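Predicted, not measured: the structure shown is a model, and the values here were computed from it.
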Amino acid sequence: MLTYLFSTIFCAAYLSPIISHVKGKEFTEQEMANYRDRIKSMFYHAYNSYLENAYPYDELRPLTCDGQDTWGSFSLTLIDALDTLLILGNHTEFQRVATLLQDTVDFDIDVNASVFETNIRVVGGLLSAHLLSKQAGMEVEEGWPCSGPLLRMAEDAARKLLPGLMVNLSCPAFHTPTGMPYGTVNLLRGVNPTETPVTCTAGVGTFILEFSTLSRLTGDPVFEDVARKALSSLWKTRSDIGLVGNHIDVITSKWVAQDAGIGAGVDSYFEYLVKGAIMLQDEEFLTMFHEFDKSIKNYTKFDDWYLWVQMHKGTVSMPVFQSLEAFWPGLQSLIGDIDSATRTFHNYYTVWRQFGGLPEFYSIPQGYTVDKREGYPLRPELIESAMYLYKATGDTTFLQMGRDAVESIEKISRVKCGFASVKDVRDHKLDNRMESFFLAETIKYLYLLFDPDNFLHNSGTQFELGGPRGDCILGAGGYIFNTEAHPLDPAALHCCSKNQDERKELQDILLSLSEPLKSPVDQSDEASGEKDPSSVVSSESIALQPGERRKAPVLSCPTQPFSARLAVMGQVFTDST
């Protein structure tokens, strides 16, 4: 039973915490408010610089005060920053940008896009904005949250990725026998025949949150189906000692890079097993993660660091810490492994204090950066873990980390036009790039760390009734962040999918009743394999007009009362409560 997920785990994926917020002695309410104001100021300095100098390009180049397209040419920074605007309390700008995106963004473009990045940033960002649009004061259409313009945009973007994830019927050569996706797809033409079949593990296993959300909201199972198939195929490729490598051939299932770890190229695969288990009440995903966790602890963990090892032998291949690994303590907190998470977090925090940021690679034996991996592109992962762990423990060390991040980023990275990535943490030279995740993740996690009363921290004491008949519970807490920090409300999934199941059942009944009535002669002829057309007794169908071909009607997706299980402060509500 998955009930235990919500009663024993540090519930619900950034999720409604079981342990209530404890105010740190070293931070007064005034100090917390001051840091919130400073973080807001950081956001608007970066955001306004993007609007003034880079829009409609994907990203800001802060040193030259201009813009560039990076991941697909769809004003990516605006999509990524949209839900952050709401979290900071700016309803007016959220509404303006949401409308602007609907009017200007087009996914029918001849651009080669990363399937992974487009999913987590674009599809995830639009889904989150859709689910938060009522909270932002937007007028929602009838049928929301099961319909709406931002949801349709997310669906449109996701359908552009499907040629990388499933059979392209017009071009069978694009089919992957494994069900694992290609890494890149042309948004207009599909997968290029010369596209490499090699992609990273995270690029295979990081779809279940966004794609299951799409399926549950729209009623189209194809998205969740392909995401589940990719996860299942990846699970079957693990080594005899229970590890997966870094890059895999999606045609043959052969591992091309056999380094196993928790960092770059693998990280969000593990993250989505845990969060997917919670959001979808899927015990199998959680079992998968626990099996991986055992092997990770057995073969990669050394003194609360996690190294890279050969996936078949378990021998150390790279004794390094990567900055992307800093998400791991936060993920551990979601399964209740607080002690291990805290110890690992402190290791990573020592690296931050050494340089004022996390270098991309850090040699654990040497205690220093790795050649050509000295940069810090303003990544959020350590701040993300600080937020989770502070909510779980109330330990002010995690607030101190947030304070250090604010001071360091402002001192090192702030320039006239936004915030620049750090090219080298040793001398703090800057690079001419501000990735969209700075506004989507880094700023968001910092702000939430210092804002314990934010609506995303809702523990179930507040909620709203939504859906076409106003009988669907939404916004009660338990928001689940995708790997780009876009919050999803799992209640909305149940709100739509339960009704869709009932509509499908009713539809099947109506279609069965539309079968022509048969006379006794018919039945005897049927048994003998013969049929006399003149003996058929016709009956007008209650579902079809005479002569119409039977087809499933388009579902409008009204909602039924919310009755699926939802965690609120560790308690489970079922149909009987």
- Message: With a sphere of 6.0 Å drawn around OH of Tyr306, does it hold more than 12 non-hydrogen atoms of other residues, nucleotides or ligands?
- Response: yes
Any donor-acceptor N or O pair under 3.5 Å, side chains [X], [Y]:
| X | Y | value |
| --- | --- | --- |
| Asn53 | Asp66 | no |
| Glu325 | Tyr362 | no |
| Thr483 | Ser268 | no |

Using atom types as modelled and distance alone, determine if a side-chain donor or acceptor of [X] lies under 3.5 Å from a backbone N or O of [Y].
| X | Y | value |
| --- | --- | --- |
| His45 | Val415 | yes |
| Thr201 | Gly245 | yes |
| Ser363 | Tyr368 | no |
| Asp58 | Ser73 | yes |
| Asn482 | Ala485 | yes |
| Ser49 | Gly418 | yes |
| Ser128 | Gly124 | no |
| Glu141 | Gly148 | yes |

Is the closest basic N to carboxylate O distance between [X] and [Y] below 4.0 Å?
| X | Y | value |
| --- | --- | --- |
| Lys411 | Glu407 | no |
| Arg433 | Asp431 | no |
| Asp424 | Lys372 | no |

Can you find a heavy atom in the side chain of [X] that is under 4.5 Å from one in the side chain of [Y]?
| X | Y | result |
| --- | --- | --- |
| Tyr272 | Ile120 | yes |
| Met401 | Leu382 | yes |
| Met434 | Leu60 | yes |
| Ile79 | Arg121 | no |
| Val115 | Tyr182 | no |
| Leu82 | Phe94 | yes |
| Phe223 | Phe207 | no |
| Tyr55 | Ser75 | yes |

Do the ring centers of [X] and [Y] come within less than 6.0 Å of each other?
| X | Y | value |
| --- | --- | --- |
| Tyr47 | Phe438 | no |
| Phe398 | Phe345 | yes |
| Phe481 | His486 | no |

- Task: Let me know which of Val351, Leu358, Thr369, Ile412 forms a side-chain contact (heavy atoms from CB on, under 4.5 Å) with Val425.
- Result: Thr369
- Measure the spacing between CG of Asn192 and OG1 of Thr194 and express it to the nearest 0.5 Å. 3.5 Å
Would you be so kind as to tabulate the donor-acceptor pairs closer than 3.5 Å made by side chains of residues 131-140, with sequence neighbours excluded?
| residue | atom | partner | partner atom | Å |
| --- | --- | --- | --- | --- |
| Ser133 | OG | His130 | O | 2.7 |
| Ser133 | OG | Trp144 | NE1 | 3.4 |

- Going by the salt bridge (charged side-chain N to carboxylate O under 4.0 Å, His left out) test, name the single residue among Asp80, Asp451, Asp83 that passes it with Lys444. Asp83
- Message: Does the Lys NZ or Arg CZ of Arg353 fall within the cation-pi geometry relative to Tyr349 - under 6.0 Å from the ring centre and within 45° of the axis?
- Response: yes
- CA sep, side-chain torsions, deciding dist, call: Phe321, Phe361, ring-ring contact (aromatic ring centres under 6.0 Å, His included): CA-CA 6 Å; Phe321 156 64; Phe361 281 35; 9.5 Å; no
